[in-house]
Amino acid sequence: MEKKLNNLFKGDKIIWMVFFFLCVISIIEVFSASSGLTYKSNNYIMPIIKHSGTLIFGTLIVVATLNIPCRYFKLMTPMLLLVSFVMLVLVLFIGEKTNGASRQMSILGMSMQPSEIAKGSLVLAVAQILSAMQQENGAARKAFKYILCLTAPMAFLIMIENLSTAVLLCFVIFLMMIIGRVPAKQLGKLMGWVALAVFTVVMLVMLVGHDTSKDKGTLAKTEQVETKPKERGTLGKIFHRADTWKTRMVKFNDDNEVSPDEYDLDKDAQVAHANIAIVSSNYIGKGPGNSDERDFLAQAFSDFIYAIIIEELGLLGAGGVVMLYVILLFRTAIIASRCENNFPAFLAMGLALLLVAQATFNMAVAVGFVPVTGQPLPLISKGGTSTVINCVYIGAILSVSRSAKKKTAAV
């Protein structure tokens, strides 16, 4: 029996344990945080059955992916990049509108987020470029140009509908270039141009956007600050989510203290109830299933699930979740260091950075360190495409761990 299990759950056992604990936490906390879904569907158990089914399917995807040798990932790169690019273009025209953004599209009755596929595809391509152009003193100068030519158009298409995902992806690619020893001079110039680009985008957002938090009678909930589309010309169409971005930036940079009796729970519902959830945890938490704020947080099972985790499991539970992602990153780094070839090492590190960076963004939003980004907590938040794609990432890391383990044993 033990031999059969070992044959099924191949790869690094610590990565498997991290994946298992994240899934267990996900089932418990999504079940607790889905009160809004159970109320709407009038079915107490169905939302968690669907989520558990997604995780079980994701586990099967992990097992399937880890059995794919790393060399075959290279062969998939051109096709995945082409599919990602086409889907990112199509979603702008035929995508389903959610909170004013076209991020999903239906294919054969299934809802998919092209940005999730694009993230992994780009990391795969960058890993291949860095590995192919490694020299004794680091990556060749041409590697930087190739990476930029791939990343810029992909990030721009994602940015139109999902700025936070584009920023997250660019950040991960930049870290991969550091790990891949891209010349420091090129990275320094890139940082300068990025700073200029960020300044320009912020200025355009402040110019084109409208701060809806100042509108009287507007329910400017954090994820619903989009106003009715206005005729703004070409620039306005490209920055059609400028209202959302500007409102979030203005709120985040507002240092004026507001007394509890003057706080507007309608306009700042998400942030307000997330703060209440954290403060009411009283350090030790209320226990699983005992959250009060889940009934008021519209994204309690997704974007703000970390606030519910703190409320129910306290600082110990919240710290445990952080440690799981830290272990994932450091364990992947150990696996990458054992790889004889550069490609699997860069691929594993890129995917781990993608998961951990997104988790960091989500947790930072929940505790109020950064503006609201709408990023789910990987492998914990309720999701469809994102959960399955994250399972593919875990499977790819486990695939790398198998080959690295064999190489180490051979030595």
Atom [atom1] of residue position [X] - does it have more than 12 heavy atoms of other residues, nucleotides or ligands inside 6.0 Å?
| X | atom1 | value |
| --- | --- | --- |
| F85 | CZ | no |
| M17 | CE | no |
| K286 | NZ | yes |
| L316 | CG | no |

For [X] and [Y], does a side-chain donor sit closer than 3.5 Å to a side-chain acceptor?
| X | Y | result |
| --- | --- | --- |
| S386 | E116 | no |
| S164 | N162 | yes |
| K119 | Q358 | yes |

Taking all non-hydrogen atoms of both residues, which atom of [X] and which atom of [Y] are closest, and how far apart?
| X | Y | result |
| --- | --- | --- |
| V392 | T65 | O-CG2, 3.6 Å |
| I380 | S26 | O-OG, 2.7 Å |
| A139 | P183 | O-CD, 3.6 Å |
| A307 | A277 | O-CB, 3.9 Å |
| C339 | V400 | SG-CG1, 3.6 Å |
| I15 | D12 | N-OD2, 3.0 Å |

Taking side chain as C-beta onward, heavy atoms only, is [X] less than 4.5 Å from [Y]?
| X | Y | value |
| --- | --- | --- |
| L150 | V126 | no |
| V182 | I178 | no |
| Y325 | T360 | no |
| F31 | H51 | no |
| P153 | L157 | no |
| L398 | R402 | no |
| K142 | I129 | no |
| W16 | F19 | yes |

Working to the nearest 0.5 angstrom, can you tell me the gap between [X] [atom1] and [Y] [atom2]?
| X | Y | atom1 | atom2 | result |
| --- | --- | --- | --- | --- |
| L315 | N282 | CG | CG | 9.5 Å |
| I389 | L354 | CD1 | CG | 11.0 Å |
| L122 | L80 | CG | CG | 11.5 Å |
| I305 | I310 | CD1 | CD1 | 12.0 Å |
| T54 | I49 | OG1 | CD1 | 12.0 Å |
| Q128 | N342 | CD | CG | 12.5 Å |

Item to check | Candidate pair D303 and V365, rule side chain to side chain contact (heavy atoms under 4.5 Å, CB included), full reasoning | outcome: CA-CA 8 Å; D303 299 349; V365 167; over 6 Å; no

Item to check | From CA spacing to verdict: side chain to side chain contact (heavy atoms under 4.5 Å, CB included), Y306, E311 | outcome: CA-CA 9 Å; Y306 191 64; E311 183 184 11; over 6 Å; no

Say whether, by atom type as modelled, one donor and one acceptor occur between the side chain of [X] and the main chain of [Y] under 3.5 angstrom.
| X | Y | answer |
| --- | --- | --- |
| R181 | Q135 | yes |
| Q134 | L130 | yes |
| S399 | G395 | no |
| S337 | I334 | yes |
| Q186 | R141 | yes |
| T332 | L328 | yes |

Item to check | Steps toward side chain to side chain contact (heavy atoms under 4.5 Å, CB included) verdict (R331, V18) | outcome: CA-CA 10 Å; R331 187 61 186 176; V18 170; over 6 Å; no

Next on the checklist: Under the criterion side chain to side chain contact (heavy atoms under 4.5 Å, CB included), I'd like the reasoning laid out for L355 against I394: C-alpha separation, chi angles, the key distance, then a yes or no.
Outcome noted: CA-CA 9 Å; L355 290 169; I394 294 293; 3.8 Å; yes

